[in-house]
> 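To start, I am sharing the structure in question, which I have written as structure tokens.
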There are 2 protein chains.
Amino acid sequence: MFTFDQLAGFIAVAEELHFGRAAERLNMTQPPLSRQIQKLEKIIGAELLERDNRRVELTSAGETFLEEARRLMALAERAPVTARRIASGRSGVLRIGFTAASGFSILGPLLEEISGIMPDVDIDLQELVTREQLNGLLTGELDLGFARPPFDSETFDSHLLYRESMVLAVPSSHPLTLLGRDLTAEDFKDEPLIMHSPTQARYFYDLVVRMLPIQHANVVHTVSQILTMVSLVAAKRGLAFVPHSATLLGIKGVEFLPLEAGREEQVELHALWNRRITNPALARLLRDLEFAME
Amino acid sequence: MFTFDQLAGFIAVAEELHFGRAAERLNMTQPPLSRQIQKLEKIIGAELLERDNRRVELTSAGETFLEEARRLMALAERAPVTARRIASGRSGVLRIGFTAASGFSILGPLLEEISGIMPDVDIDLQELVTREQLNGLLTGELDLGFARPPFDSETFDSHLLYRESMVLAVPSSHPLTLLGRDLTAEDFKDEPLIMHSPTQARYFYDLVVRMLPIQHANVVHTVSQILTMVSLVAAKRGLAFVPHSATLLGIKGVEFLPLEAGREEQVELHALWNRRITNPALARLLRDLEFAME
DNA sequence: TCAAGTGATACCCGGAAGGCATCATGTTTA
DNA sequence: TAAACATGATGCCTTCCGGGTATCACTTGA
């Protein structure tokens, strides 16, 4: 195999068509350059330059090899630069998972901020429930997640993005909308309820159950997505407990009423990541966003 | 700048994820391979592999650098092969000039034969008069020409492709078509004539003047292209002397009559090239077509 | 606690690459 | 026409890079 020095030597001679000047350009003397080219030609197995004692010119083979040599040199010069960019986190791919609920409010502005900080990093977004996010973070398929507790703080580090109250979603025409004060369990004890799935949306389920004495007999639907819940409320199938940011969904025919118990029990959204960080882009992001590391 | 050995070393380690096995694959021992990688990382300015004493894995930077490294190696392996192909004439470009007259008959079959012999050689065709061809062959813009004498046999080598008789082109309805024998100058001494340009088509001009006592007073047009001549004959502007292959043009309203003098004086078409051959594809072509060289 | 596995280090040696001096050859100049 | 010049190739010397062997350092598992 030839060397990059030989390629550089050949390119210089091919451009100058003069061994002396080419050698000068390469900061070396002419004799070793001559031998370099000879060796290169021997390795290639073809004459690249035709030189008589007066003039040097490229052969046909030399002409096309010159193109290849230039391409090689360009590639070789670019490769370390991109590698360094990625190592410093200024470039690369950041795979982010998010729950549908987090997408309403926090995701947009945060992506805005990320692409402001690291414009050359590609963001790969995936909607995943918390459990899938944890799994992805473990296997390394995911760099960062937006999810809700609980998660193992041994393996994951996290940063609280925000808390919000739970509110009650009711159809616009519903009598409760006229009440004008924070609601208690008593106010909707006979209303049909749309509840969170205890498996797919355990966080919300646990929180609501902890917050209010639910009449399980009143539960008419069990769903896992906030959007589905609000749509069902709009269709007058019942009432639902949703985080305050669901107001941003902008679905017609639904109103959101404050809950007395919601003042205390709030839902949290965390950014979380594997403590064993392998992606430099993530390290840079956490540093720049000033998320607590450790 | 890094070396190809370092790249090969890195690729091997990245694929094996094990220094010992990678070294074995490269037919070397493990220690120099370790140093090779260290040196490469230092040159790149980024960590490519993360190794603790138990396992080796790629960093993000290492992953993308691996792709670049593979591309570099592939390019480096291909480059000499193409260079050799071109040097041996099995690939490359062959620039061929031809006169319009030669295009009628010889060009088609010859191109067929060339592309059969050297399928990977690109043929660049240009229609040029003999003088332009000679010029192109001199400057190296042309590799091979199809033209008619005279040309300097010091600089050019040539191969006679074929000879053909001159015939007389006459309008279909012309009385001479009824004659039924070879024509002499006497037969058309009062007819209007379309003659070759003594500058642009000197070969034909000289040949016709040598062959027949032309009444210059009868010359109504002076043109340089055979096709133009035949078209003018079809338009009943006069009679013209053209090579026999002009019959292949298939122009309506023209007949071609044999000339007595045409039996002796024949026009020649030569393949010709610069004796100083720089294009390996041309050398190969001449050898394979068994054209005389020297 | 010890053996096995694995990457890093220390040291030595041979060969490759660069520098200097010079040659061979063709061109220009006096 | 001969001498000076220009230019690529060669011979020889020295330095330095890269590979090999032996060994270390550290981790893991029995």
Side-chain angles (χ1 to χ4, degrees), chain A residues 1-59 61-62 65-66 69 72-73 76 80 276 278, chain B residues 1-59 61-62 65-66 69 72-73 76 80 276 278:
Chain A
M1 177 65 64
F2 46 84
T3 71
F4 284 105
D5 284 346
Q6 287 164 355
L7 290 182
F10 171 65
I11 292 173
V13 175
E15 283 174 2
E16 300 285 348
L17 292 179
H18 188 290
F19 279 72
R21 280 195 300 276
E24 193 176 353
R25 204 171 98 179
L26 297 166
N27 294 315
M28 62 190 289
T29 54
Q30 168 266 319
L33 180 57
S34 281
R35 279 177 309 209
Q36 223 178 35
I37 302 293
Q38 288 165 12
K39 192 167 289 185
L40 178 62
E41 287 179 321
K42 187 163 185 180
I43 291 169
I44 301 300
E47 215 174 55
L48 300 175
L49 294 162
E50 197 171 344
R51 48 263 203 218
D52 68 14
N53 274 336
R54 206 70 206 151
R55 122 191 101 212
V56 177
E57 54 189 65
L58 283 164
T59 63
F65 189 77
L66 175 60
L72 273 166
M73 291 301 289
R276 180 167 142 61
T278 56
Chain B
M1 176 64 67
F2 46 83
T3 70
F4 284 106
D5 284 345
Q6 287 163 357
L7 290 182
F10 171 65
I11 292 173
V13 176
E15 284 175 359
E16 300 285 347
L17 292 178
H18 189 291
F19 279 72
R21 280 196 298 276
E24 193 178 351
R25 202 170 101 180
L26 296 166
N27 294 316
M28 61 189 291
T29 55
Q30 169 265 320
L33 180 57
S34 281
R35 279 178 314 212
Q36 223 178 34
I37 304 293
Q38 288 166 12
K39 193 167 287 185
L40 178 62
E41 287 180 322
K42 187 162 185 179
I43 293 168
I44 301 300
E47 215 174 53
L48 300 176
L49 293 162
E50 197 174 343
R51 50 267 203 211
D52 67 12
N53 273 335
R54 208 70 207 154
R55 120 191 107 214
V56 177
E57 57 188 64
L58 282 164
T59 63
F65 189 77
L66 175 59
L72 273 165
M73 291 301 289
R276 180 168 139 64
T278 57

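Sequence lines set the chain letters: A, B, ... in the order given, protein chains first and strands last, and positions in each chain run from 1.
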> Report which part of the nucleic acid Gln38(B) touches: base, sugar-phosphate, or nothing (heavy-atom distance under 4.0 Å, all strands).
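Sugar-phosphate contact only.
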> Kindly indicate, with the supporting measurements, whether the criterion side-chain contact (heavy atoms from CB on, under 4.5 Å) is fulfilled by Ile44(A) and Phe10(A).
CA-CA 12 Å; Ile44(A) 301 300; Phe10(A) 171 65; over 6 Å; no
> From the options dT10(D), dG18(C), dG7(C), select the nucleotide whose nearest atom is closest to the side chain of Pro32(A).
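Among the listed nucleotides, the one closest to the side chain of Pro32(A) is dG18(C).
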> Rounded to whole Å, how long is the line connecting atom CZ of Arg55(B) with atom P of dT28(D)?
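For the pair Arg55(B) CZ and dT28(D) P, the rounded distance is 9 Å.
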> Any idea which heavy atoms bring Ala76(B) and Met1(A) closest together, and the distance?
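Result for this residue pair: CB-SD, 4.1 Å.
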> What is the distance, rounded to the nearest whole Å, between atom NZ of Lys42(A) and atom P of dA17(C)?
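One finds 12 Å between P of dA17(C) and NZ of Lys42(A), rounded.
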> Between dA17(C), dG7(C), dG20(D), which nucleotide gets closest to the side-chain atoms of Phe19(B)?
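Looking only at side-chain atoms, Phe19(B) lies closest to dG7(C).
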> Would you mind reading off the distance between Arg21(A) atom CZ and dA6(D) atom C1', rounded to a whole angstrom?
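Distance, rounded to whole Å: 11 Å.
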> Can you tell me if CD on Glu16(A) sees more than 12 non-hydrogen neighbours from other groups inside 6.0 Å?
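Enclosed.
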> Arg51(A) side chain N/O closer than 4.0 Å to the phosphate oxygens (OP1, OP2) of dA9(D)?
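Affirmative; the distance criterion is met.
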> Using every non-hydrogen atom in the two residues, find where Leu7(B) and Met73(B) come nearest and quote the distance to one decimal.
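Smallest interatomic distance, heavy atoms only, reads CB-SD, 4.1 Å.
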> At less than 4.0 Å, is any side-chain N or O atom of Ser34(B) found next to OP1 or OP2 of dG7(C)? Yes or no.
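Answer is no, no contact under 4.0 Å.
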> In this structure, how many angstroms lie between the P atom of dA8(C) and the CD1 atom of Ile37(B), rounded?
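Spelled out: CD1 on Ile37(B) to P on dA8(C) is 9 Å.
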> Using whole Å, what does the distance between atom C1' of nucleotide dG18(C) and atom CD of Gln6(A) come to?
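Going from CD in Gln6(A) over to C1' in dG18(C) covers 13 Å.
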> Please confirm whether the shortest side-chain N or O distance from Thr29(B) to OP1 or OP2 of dG20(D) is below 4.0 Å.
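Yes, Thr29(B) has a side-chain N/O under 4.0 Å of OP1/OP2 on dG20(D).
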> Any side-chain N or O of Lys39(A) below 4.0 angstrom from OP1/OP2 of dA17(C)?
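Yes, Lys39(A) has a side-chain N/O under 4.0 Å of OP1/OP2 on dA17(C).
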> Taking N and O atoms by type only, does the side chain of Arg35(B) place a donor or acceptor under 3.5 Å from a partner on the base of dG19(D)?
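Flag set: donor-acceptor pair detected.
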> What is the distance from CZ of Phe2(A) to C1' of dA17(C), rounded to the nearest Å?
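Atom CZ in Phe2(A) sits about 18 Å away from atom C1' in dA17(C).
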> Would Thr59(B) and Phe65(B) count as a side-chain contact (heavy atoms from CB on, under 4.5 Å) here? Give the steps.
CA-CA 10 Å; Thr59(B) 63; Phe65(B) 189 77; over 6 Å; no
> Give the rounded distance in Å between these two atoms: CD of Glu16(A) and C1' of dG8(D).
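Distance check: Glu16(A) CD to dG8(D) C1' gives 15 Å.
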> What I want to check is whether an N or O donor and acceptor connect the side chain of Gln30(A) with the base of dA9(D) at under 3.5 Å.
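By the distance-only test, yes, there is a pair.
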> Measure from CD on Gln36(A) to C1' on dT10(D) and round the result to the nearest Å.
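Rounded to the whole Å, the gap is 16 Å.
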